Structure formats: C-alpha cells, structure tokens
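Please read these numbers as outputs of a predicted model, since none were measured by experiment. Lettering of chains follows the sequences in order, A, B, ..., and the numbering in each one begins at 1. Side-chain atoms are counted along with the backbone in the values below, which use heavy atoms only and exclude waters and symmetry mates.
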There are 2 protein chains.
Amino acid sequence: MAGVQKAKSEETHRRVLKAAIAAVEAGGMEAVNIRKIAADAGYSVGSVYKHFEDQDALLLAVNSVTLGRIKNLMASTVETVDEPLERLKVLALAYLAFARDNRNLWITLFSHQLPEGKPVPEWHMQENIALLGFIAAPLRELEPTMLEEDLAARTRTAFAAVHGLVTISLEARFVGLSGEKLEEEMNFLVERLAG
Amino acid sequence: MAGVQKAKSEETHRRVLKAAIAAVEAGGMEAVNIRKIAADAGYSVGSVYKHFEDQDALLLAVNSVTLGRIKNLMASTVETVDEPLERLKVLALAYLAFARDNRNLWITLFSHQLPEGKPVPEWHMQENIALLGFIAAPLRELEPTMLEEDLAARTRTAFAAVHGLVTISLEARFVGLSGEKLEEEMNFLVERLAG
DNA sequence: TCAAAAGATGAACGTTGTTCACTATTTGAC
DNA sequence: GTCAAATAGTGAACAACGTTCATCTTTTGA
C-alpha cells in the first residue's frame with residue numbers, strides 16, 4: 001500500500017477519531033453514535049468499521065488520546081519543580097485540573113468498560129502504567145532505601161488516592177468539595193502520603 | 001388501592017428488582033436487558049415499566065440496594081472495634097472486601113451515569129452521604145478540636161482515597177495490587193491520613 | 001351488580017451497532 | 001498504457017435494544 005491509498009487511509013482514520021473525540025467532549029461516552037460520527041467525519045458507517053473494529057475499539061482509541069494528553073501535561077508539569085514532595089503536589093493538582101477541564105474525556109477514560117471476555121489490550125495497559133513513572137521518581141527521591149517492590153506498591157497507592165479524590169469530586173452523587181478547599185485537601189493528601 | 005392489588009404490586013416490584021440485581025451480579029450493568037429481566041421475573045416488558053420509569057430508574061433501584069448492603073456491612077463493622085484509628089482501618093477493609101466480593105454490583109454503583117439533564121435524585125445522594133457518617137465519627141474522636149467544616153472535608157478526602165485504592169485495584173487497565181499487599185497498603189493509607 | 005381503577009400483556013416503533021454485497025479508486029506487474 | 005488484483009468507500013438490511021400504548025383481565029368499592 002503506497003502513496004494515495006496510505007494518505008487516504010490515514011486521513012479517514014484521523015477524521016473519524018477526531019469526530020469521536022469531539023462527540024465524547026460534547027456529550028460523553030453515550031454520544032459516540034456511529035452514524036453521527038460517520039456523518040461528522042464525512043464518511044459512511046461502513047468506513048468507520050474499516051478503521052475501528054467496533055465501538056469499543058473506537059472508544060479505546062479516544063481513551064488512548066486522552067491518556068496521551070494527560071501524559072503530556074504531567075511531563076511538562078514535572079519539569080517545573082525540583083523538590084520531590086512539591087513535584088508530587090503539582091502533579092496531583094495537574095491531574096485534578098485535567099479532569100475538571102476535560103470532564104467528559106476523563107470520565108470516559110475511566111468508566112468505559114470492555115465487555116466480558118475482551119481483555120484490555122496490553123498496549124493500553126502500558127499507557128496507563130506509564131503514568132505511574134511520574135509518581136515513582138519523586139517517591140524514590142524521598143525514600144532512597146525503599147525496596148523496589150514496596151515502591152511500586154506505594155506508587156499505586158499514591159496514584160489511587162489522588163485518583164479517588166478527583167473521582168469523588170466530579171461525581172454528582174456526592175456533594176463534592178469545590179474549588180480551593182479541594183486543592184487544600186489534595187495537598188494534605190499528598191503531604192500525608194509522601195511527606 | 002387495597003388488599004390483593006397492593007400485594008400484587010409489591011410482589012411485581014420486588015421480583016423485577018430481584019431479577020435486575022441478579023442480572024447485574026451475573027453480567028454487570030450491560031446485562032440489564034428489559035426483556036430478559038421481565039422474563040426472569042415472570043412478567044411482560046410492559047409490567048416492568050409500570051414499576052420503574054425507565055432503565056436508569058431500575059439501575060438506580062439496584063444501586064440503592066447495593067448502597068444499603070454496604071451500609072449494613074459498615075454498620076456491623078464499626079460495632080466490632082472501639083479504638084477510632086483501628087475502626088477506620090476495618091471500615092476501609094470492609095469496603096474493599098465488599099467490592100471484591102460483589103464486583104459487578106460495586107462497579108455498577110459507581111459507573112452508572114444518568115444522562116445529561118437527569119440529576120441524581122436527592123434521596124440517592126443522601127444514601128451516599130450517609131456512608132460518610134461512619135468515617136466522620138472516628139475522625140472526630142481523633143481530632144476533637146477540628147472545625148466542623150474541616151472535618152467534613154477531611155471525611156470526604158479519607159473516603160475518596162480509600163475509594164480510589166479500591167477502584168484501581170479492581171480496574172483491569174492497571175496491574176493492581178493483589179491480596180495481602182493491597183490490605184497492607186490500605187492500612188498504610190488510613191494510618192497516614194488519620195493517624 | 002357493575003362501572004371505574006389498576007394490573008398485565010405483547011405487538012409495534014424508532015434508534016442503535018454491525019454486516020456485507022456492491023461500486024469506485026488505486027496499485028503494480030506486464 | 002492495460003488490466004486484474006487490492007484497497008477505499010457506500011448504504012441498504014438485519015438483529016437487538018428501550019420504550020410506548022391499545023388492549024384485555026382482574027380487582028375494587030359504592
């Protein structure tokens with residue numbers, strides 16, 4: 001496959017994915033309607049299926065882009081701070097800010113469930129796990145003697161705790177903490193866990 | 001409405017809800033198929049709609065039962081321990097145990113999203129918020145002088161952090177901590193937050 | 001006794017995700 | 001340049017779903 005076909009294929013893929021991301025941003029996971037996506041991208045339904053196996057695969061691609069954005073945000077955040085504990089704090093606040101500014105993308109990332117029997121693809125698990133590196137590094141600086149195994153567990157715990165605070169604050173079922181108070185609690189959480 | 005009609009109405013409601021709970025337990029949120037639920041309960045589709053406004057209302061009812069079970073579990077857990085910090089630990093472990101033992105119910109409870117424009121009903125928010133009382137009490141014992149407002153925030157933070165650890169450990173996208181190590185991390189988390 | 005009210009039914013409708021037979025375009029060997 | 005194979009793109013058709021509603025059956029209470 002060369003030249004024109006490759007370009008066409010890539011553009012279709014790109015435009016379909018772009019339409020799907022826009023749909024999620026506008027109306028959440030439920031807004032990913034294949035007919036609408038196809039129309040928005042300027043193709044027929046059949047073409048969507050030439051590039052994505054099914055709706056789940058399309059949502060997985062959306063989530064992969066979302067994870068990439070989070071990764072970029074974290075990467076540019078860590079550069080700004082030297083001190084490890086402070087770095088963990090700004091990382092947590094950046095994660096929170098992303099969730100608030102990209103509510104639907106964030107919710108879709110974590111609440112889209114693959115049907116039973118379809119395991120999460122290895123490459124997507126790696127994308128998730130990659131985020132943990134940002135947290136593991138400052139934790140290691142703070143605890144140079146900790147066993148690698150314990151550090152891995154502690155890293156997941158720290159991420160999970162921050163993730164939980166973000167989750168609950170976005171949930172409509174709880175009256176969440178808002179604004180400044182939430183950021184105070186985030187700092188408290190990080191300080192207690194890593195300080 | 002009296003006698004036979006009331007009994008019939010209540011039994012239908014009960015059997016439909018029971019079938020829905022069984023469906024969620026067996027196959028998660030996606031398994032709540034109205035035709036299947038109706039057949040399992042021994043009624044027609046129309047009867048389901050006489051007792052639940054729509055699928056979301058039915059899932060809300062399932063989640064309400066799930067929350068009740070969690071509340072009962074927590075209520076019987078707090079009775080077993082006097083010391084406040086220890087009580088927080090067993091509460092966290094009980095919450096974790098419930099999620100592990102009732103994976104599909106737990107995931108449905110937290111990942112079922114109402115469509116835009118349909119707010120979570122007040123009574124369901126209260127059911128959620130009621131759980132926080134179990135956490136607020138021991139926290140208050142540990143910090144008798146804390147302002148009520150700060151205690152409320154701290155309570156949400158503690159719940160959120162534990163909730164996050166449970167969430168991540170159940171997620172297929174992360175390689176979660178398993179078994180004993182997870183419980184160690186849970187104890188660490190509670191101790192750091194409340195100790 | 002009987003008309004009104006409430007319970008129960010299931011065919012029918014609109015909207016989905018998905019498939020596939022089909023046409024149009026591109027490719028590379030000759 | 002020719003042309004058959006490969007690839008891109010189409011949209012009607014299907015099955016499964018949530019939901020509605022005209023209809024029938026049972027219960028109620030005056």
Side-chain angles (χ1 to χ4, degrees), chain A residues 1-21 23-24 26-63 108 111-118, chain B residues 1-21 23-24 26-63 108 111-118:
Chain A
M1 185 173 67
V4 176
Q5 280 194 341
K6 190 178 179 189
K8 275 195 176 186
S9 178
E10 280 170 3
E11 195 193 340
T12 306
H13 192 281
R14 197 176 48 77
R15 289 198 356 221
V16 169
L17 181 52
K18 190 179 173 184
I21 292 172
V24 170
M29 224 168 53
E30 313 299 320
V32 177
N33 175 308
I34 305 292
R35 283 177 180 79
K36 187 191 178 310
I37 300 289
D40 286 357
Y43 296 94
S44 65
V45 270
S47 282
V48 173
Y49 285 89
K50 283 276 159 62
H51 293 269
F52 299 93
E53 198 184 342
D54 54 20
Q55 202 180 27
D56 285 321
L58 182 53
L59 279 168
L60 217 58
V62 171
N63 284 344
T108 299
S111 68
H112 171 236
Q113 306 266 358
L114 288 170
E116 284 193 282
K118 273 202 175 182
Chain B
M1 184 175 65
V4 177
Q5 280 193 342
K6 190 180 180 188
K8 275 195 175 184
S9 177
E10 280 171 3
E11 196 193 340
T12 306
H13 191 281
R14 199 177 46 76
R15 282 185 19 208
V16 168
L17 182 51
K18 190 179 174 185
I21 291 172
V24 169
M29 223 169 53
E30 313 300 321
V32 178
N33 174 307
I34 306 291
R35 284 178 179 80
K36 187 190 180 308
I37 300 289
D40 287 357
Y43 296 94
S44 64
V45 271
S47 284
V48 174
Y49 285 90
K50 282 276 158 62
H51 293 270
F52 299 93
E53 198 184 343
D54 54 20
Q55 201 181 27
D56 284 321
L58 183 53
L59 279 168
L60 218 57
V62 171
N63 284 343
T108 298
S111 68
H112 171 235
Q113 307 266 357
L114 288 169
E116 285 192 282
K118 275 204 174 182

- Task: Figure out the CZ/C1' separation between B:F52 and D:dT20, and round it to whole Å.
- Result: 18 Å
- Whole angstrom is fine here: how far is it from CD1 in B:I37 over to C1' in D:dC17? 13 Å
- Only counting residues at least two apart or in another chain, list the ones meeting side-chain hydrogen bond (donor to acceptor under 3.5 Å, both in side chains) with B:H112. B:D56
- Message: If the condition is side chain to side chain contact (heavy atoms under 4.5 Å, CB included), which residues does A:K8 pass it with, not counting sequence neighbours?
- Response: A:V4
- Just how far, in rounded Å, is C1' of C:dA6 from CD of B:Q5? 4 Å
In a table with atom names and distances, give each donor-acceptor pair under 3.5 Å that connects a side chain of residues 41-52 of chain B to protein atoms at least two apart or in another chain.
residue, atom, partner, partner atom, Å
B:Y43, OH, B:T12, OG1, 3.2

- How close or far is atom P of C:dA5 from atom NZ of B:K6, stated in whole angstroms? 20 Å
- Establish, with yes or no, whether the OP1 or OP2 oxygen of D:dG9 is under 4.0 angstrom from a side-chain nitrogen or oxygen of A:S44. no
- What closest approach, in Å, do A:I37 and A:V16 show between heavy atoms, and which atom pair accounts for it? CG2-O, 3.8 Å
- Rounding to a whole Å, what distance do you find between B:Y43:OH and C:dA8:P? 5 Å
- For A:E11, check side chain to side chain contact (heavy atoms under 4.5 Å, CB included) against everything at least two apart and list the hits. A:R14, A:R15
Pull out every protein N or O sitting under 3.5 Å from an N or O of nucleotides 17-24 of chain C, one pair per line with the distance.
residue, atom, partner, partner atom, Å
C:dG17, OP1, A:V32, O, 3.1
C:dG17, OP1, A:Q55, NE2, 2.5
C:dG17, OP2, A:I34, N, 3.0
C:dG17, N7, A:R35, NH1, 2.8
C:dG17, O6, A:R35, NH2, 2.6
C:dT18, OP2, A:Y49, OH, 2.9
C:dT18, OP2, A:Q55, N, 2.9
C:dT18, O5', A:Y49, OH, 3.4

- Query: Does B:S47 make a side-chain N or O approach to OP1 or OP2 of C:dT9 shorter than 4.0 Å?
  - Reply: yes
- Task: Can you sort out the partners of A:K118 under side-chain hydrogen bond (donor to acceptor under 3.5 Å, both in side chains), two or more places apart, ordered by chain and number?
- Result: A:D54
- Message: So A:E30 and B:P115, do their side chains get closer than 4.5 Å, heavy atoms only?
- Response: no
- Tell me whether the OP1 or OP2 atom of D:dA8 has a side-chain N or O from A:T12 closer than 4.0 Å. no
Could you pull out the protein-nucleic contacts involving nucleotides 1-4 of chain D (nitrogen or oxygen on both sides, under 3.5 Å)?
none

- Listed partners of B:K36 passing side-chain hydrogen bond (donor to acceptor under 3.5 Å, both in side chains), at least two apart: B:D40
- Task: Check for a donor-acceptor pair, side chain of A:E116 on one end and backbone N or O of B:G27 on the other, with a separation under 3.5 Å.
- Result: no
- Task: For A:E10 and D:dT7, give me the distance from atom CD to atom C1', rounded to whole Å.
- Result: 14 Å
- Item | Separation of atom NE2 in A:H51 from atom P in D:dA8, rounded to whole Å | 6 Å
